[in-house]
Trainee: 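Next up is a structure, given as C-alpha cells.
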2 protein chains.
Amino acid sequence: MKLTSKGRYAVMALVDLARFNNINPVSLRDISLRQGISLDYLEQIFSKLRKKEIVQSVRGTQGGYVLNKKAKEIKLTNIFDAVDEKVKTVQCKKDSKKGCNGKTTKCVTHNLWDELENHINNFFKEKSLEDLVKDNQERRI
Amino acid sequence: MKLTSKGRYAVMALVDLARFNNINPVSLRDISLRQGISLDYLEQIFSKLRKKEIVQSVRGTQGGYVLNKKAKEIKLTNIFDAVDEKVKTVQCKKDSKKGCNGKTTKCVTHNLWDELENHINNFFKEKSLEDLVKDNQERRI
DNA sequence: AGATACTTGACTATTTTAGTCAGGTTTATA
DNA sequence: TATAAACCTGACTAAAATAGTCAAGTATCT
Ligand code: FES
Ligand code: FES
C-alpha cells in the first residue's frame, strides 16, 4: 500500500499555504517553486480543495489562495477526502451483499481489513494542519 | 492508498491453510477453489512465502503446503514482507540524503508520513495468523 | 492595456497491478 | 512403472491507475 503523490502534494501545499497565510493570498506559483511541485498539477489539486471549501481563491494579480477555515479545524481526513485520496483496504463493494470473489458471505479477511481501514483513518482524523505547521516550526529552531 | 490483491490474497490463503492444516498438507487447488483465487496466481504467492520460510512445500501427489511456524508466530508483517506488499508513504528514498523533489532537506511532510508508516506497521506487527483464525471461528458459532 | 493568476477540460506517457500461459519437475499410488 | 496430482519457474500481457502535461480560456489589479 502506498500513498499517492496527489495526497502527499495536497498536504505539502496546504502546510506551505498555512505557513505563509498571514495577510495576503499565496499564489500557486510560489508554492510550486517552494515545494517543487508542477504548477499545472497544483491547479488540479487546488480546484478540488476549493470545491470542498478548504481554501478560498482570490483571482487576478496578487491573487492566490487562502485557507477557508482555521488550520486547527482542517484535519488530514478532510484534505484526503477532498482530493480523493481514499483508504481502500477491502476488495468487496461497500454496499454490495457479495463478498470477495463473488461469495455470498464476507471473505475470511474482510473484518481484518475493516479494522485496518479504521486504524488508518483514525490517524487522519486526529492530525490537523495546525499540528503539522507546529511540528515544522519546532524542528526549525 | 490501497491494499493490493497480492497482499490480500496472501493473507486469505494463509488463513485458509491454517484452518485446514491439521495433518495433511493443503493443496493450492483446494485453496483456489475455497477462496476463489486463481491457481496460477496462488503459485506465485506461495513461491514467495516458501522462500521466506513461512510455509513448507510437499511435492508430488497428495502434496501441498504446510505452515512452517506456529500460527501464533506468523505476524501480518511477516506475510506482507514475504510477498513484497510494503507500506510506502514517503516519496524520498530511505537512504538518499535528498528529500522530496530534490531538496537537500526533508520536505515539510516527511515526518508526518514516517509517523503514518509506523502507525500502520504497528498494526501489522501485532496481528498474528492465530488471531485471524480465532476471529473467524468465533464469528461462525 | 498588460500582466498576473485562477479555471477548466482534455490528453498522454509511464508505471503498477493482476493476472495468464507455457513448460517444466517431483512423488504417491494404483 | 505409468500416470496423475501437485509443486515450480519464468516470461508475458491486458487493463487500470498514476502523475502529470497542454491548451485555451476568464478575472482582476495596476
Ligand atoms: S474484503 Fe470484503 S469480502 Fe473480502
Ligand atoms: S517524503 Fe521524505 S522528503 Fe518528502
Trainee: B:Met12 vs B:Gln35, test: side-chain contact (heavy atoms from CB on, under 4.5 Å). Steps then yes/no.
Mentor: CA-CA 7 Å; B:Met12 282 171 75; B:Gln35 302 301 328; 3.6 Å; yes
Trainee: Partners of A:Ser57 by side chain to side chain donor-acceptor pair (under 3.5 Å), sequence neighbours excluded?
Mentor: none
Trainee: State, with a plain yes or no, whether a side-chain heavy atom of B:Lys88 is found less than 4.5 Å away from one of B:Trp113.
Mentor: no
Trainee: Just how far, in rounded Å, is P of C:dC6 from CG of A:Leu39?
Mentor: 8 Å
Trainee: List in numerical order all residues of residues 78-91 of chain A for which some heavy atom is under 4.0 Å away from an atom belonging to DNA chain D.
Mentor: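 Listed by number, there are none.
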Trainee: For B:Phe124 and B:Lys75, which heavy atoms make the closest approach, and how far apart are they?
Mentor: O-CB, 4.0 Å
Trainee: Side chains of A:Gln91 and A:Cys107: does their closest heavy-atom pair fall under 4.5 Å?
Mentor: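 Of all side-chain heavy-atom pairs linking A:Cys107 with A:Gln91, none is under 4.5 Å.
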Trainee: Of the nucleotides C:dG19, D:dA23, C:dA22, which one has an atom closest to the side chain of A:Asp40?
Mentor: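 Among C:dG19, D:dA23, C:dA22, the one nearest the side chain of A:Asp40 is D:dA23.
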Trainee: Provide, to the nearest angstrom, the distance between the CG atom belonging to B:Leu3 and the C1' atom belonging to D:dA16.
Mentor: 17 Å
Trainee: Test of understanding: with side chain to side chain contact (heavy atoms under 4.5 Å, CB included), list the residues that count as partners of B:Gln44, not counting sequence neighbours.
Mentor: B:Tyr41
Trainee: Is there a donor in the side chain of B:Glu73 and an acceptor in the side chain of B:Ser128, or the other way round, less than 3.5 Å apart?
Mentor: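 Absent: no donor and acceptor within the cut-off.
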Trainee: Distance check needed: C:dT17 P versus B:Met1 CE, whole Å only.
Mentor: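 In whole Å, C:dT17 P and B:Met1 CE are 12 Å from each other.
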Trainee: With the side chain counted from C-beta on, respond yes when A:Asn78 and A:Ile54 share a heavy-atom pair under 4.5 Å apart, and no when they do not.
Mentor: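 With C-beta onward as the side chain, the pair touches.
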Trainee: Could you list, one pair per line, each protein nitrogen or oxygen that sits under 3.5 Å from a nitrogen or oxygen of nucleotides 27-30 of chain C, together with the distance?
Mentor:
residue : atom : partner : partner atom : Å
C:dT27  : O2   : B:Thr61 : OG1          : 3.4
C:dA28  : N3   : B:Thr61 : OG1          : 3.4

Trainee: Following the transitive rule for hydrophobic clusters with a side-chain heavy-atom cut-off under 4.5 Å over Ile, Leu, Val, Met, Phe, Trp and Tyr, establish whether A:Val58 and A:Phe20 coincide in one cluster.
Mentor: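 A:Val58 does not cluster with A:Phe20.
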Trainee: Using the test side chain to side chain donor-acceptor pair (under 3.5 Å), find all partners of B:Asn68 that sit at least two apart in sequence or belong to another chain.
Mentor: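 For B:Asn68 there are no side chain to side chain donor-acceptor pair (under 3.5 Å) partners, ignoring immediate neighbours.
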Trainee: Go through the structure and list residues passing side chain to side chain donor-acceptor pair (under 3.5 Å) with B:Thr89, not counting sequence neighbours.
Mentor: B:Glu117
Trainee: Using side chain to side chain contact (heavy atoms under 4.5 Å, CB included) as the criterion, list what pairs up with A:Asn118, not counting sequence neighbours.
Mentor: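 A:Asn118 satisfies side chain to side chain contact (heavy atoms under 4.5 Å, CB included) with no residue once adjacent residues are dropped.
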Trainee: Let's see if you get this right: which residues in residues 41-48 of chain B place a heavy atom under 4.0 Å from DNA chain C?
Mentor: B:Tyr41, B:Gln44
Trainee: Should B:Arg8 be listed as having a side-chain N or O under 4.0 Å from OP1 or OP2 of C:dG19?
Mentor: no
Trainee: Regarding B:Lys127 and A:Glu115, does a basic nitrogen lie under 4.0 Å from an acidic carboxylate oxygen?
Mentor: yes
Trainee: Compute the bend angle of the helix from C:dA1-D:dT30 to C:dA30-D:dT1 from the end axes (five pairs per end), rounded to 10°.
Mentor: 10°
Trainee: Does A:Leu33 sit in a hydrophobic cluster with other residues, and if so which ones, taking ILVMFWY side chains as linked at heavy-atom separations under 4.5 Å, directly or through other members?
Mentor: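 Members other than A:Leu33 - counting any ILVMFWY side chain reachable under 4.5 Å - there are none.
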Trainee: State whether B:Thr4 places a side-chain N or O below 4.0 Å from either non-bridging phosphate oxygen (OP1 or OP2) of C:dT16.
Mentor: no
Trainee: Identify the pairs formed between an N or O of the protein and an N or O of nucleotides 13-15 of chain C at a distance under 3.5 Å, and give each distance.
Mentor:
none

Trainee: Which residues in residues 26-37 of chain B have a heavy atom closer than 4.0 Å to any atom of DNA chain D?
Mentor: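 Contacts with DNA chain D under 4.0 Å: B:Val26, B:Ser27, B:Leu28, B:Arg29.
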Trainee: Taking the side chain of B:Tyr65 as heavy atoms from C-beta outward, which of C:dT20, D:dC8, C:dT7 is closest to it?
Mentor: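 Among C:dT20, D:dC8, C:dT7, the one nearest the side chain of B:Tyr65 is D:dC8.
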Trainee: Using atom CD of B:Gln56 as one end and atom P of D:dA6 as the other, report the distance to the nearest whole Å.
Mentor: 19 Å
Trainee: Using the rule side chain to side chain contact (heavy atoms under 4.5 Å, CB included), only one of B:Val83, B:Asp16, B:Leu3, B:Leu132 pairs with B:Val11; which is it?
Mentor: B:Leu132
Trainee: Is there a side-chain contact between B:Tyr9 and the phosphate of C:dG19, meaning an N or O under 4.0 Å from OP1 or OP2?
Mentor: yes
Trainee: Looking at CD1 of A:Ile31 and OH of A:Tyr9, how far apart are the two atoms once the value is rounded to the nearest 0.5 Å?
Mentor: 14.0 Å
Trainee: Looking at A:Ser57, does any N or O in its side chain come under 4.0 Å of the phosphate oxygens OP1/OP2 on C:dT7?
Mentor: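 Checking C:dT7 against A:Ser57, a side-chain N or O does come within under 4.0 Å of OP1 or OP2.
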Trainee: Please work out which of the three classes, parallel, tilted or perpendicular, describes the rings of B:Tyr65 and B:Phe46, given edges at 30° and 60°.
Mentor: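 B:Phe46 vs B:Tyr65 ring planes: tilted.
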Trainee: Rounded to the nearest angstrom, tell me the gap between atom CG in B:Leu49 and atom P in D:dC8.
Mentor: 12 Å
Trainee: Please examine the side chains of A:Leu112 and B:Val15, heavy atoms only from C-beta on, and report whether any two atoms are closer than 4.5 Å.
Mentor: no
Trainee: Would you call the rings of A:Phe123 and B:His119 parallel, tilted or perpendicular, where under 30° means parallel and over 60° means perpendicular?
Mentor: tilted
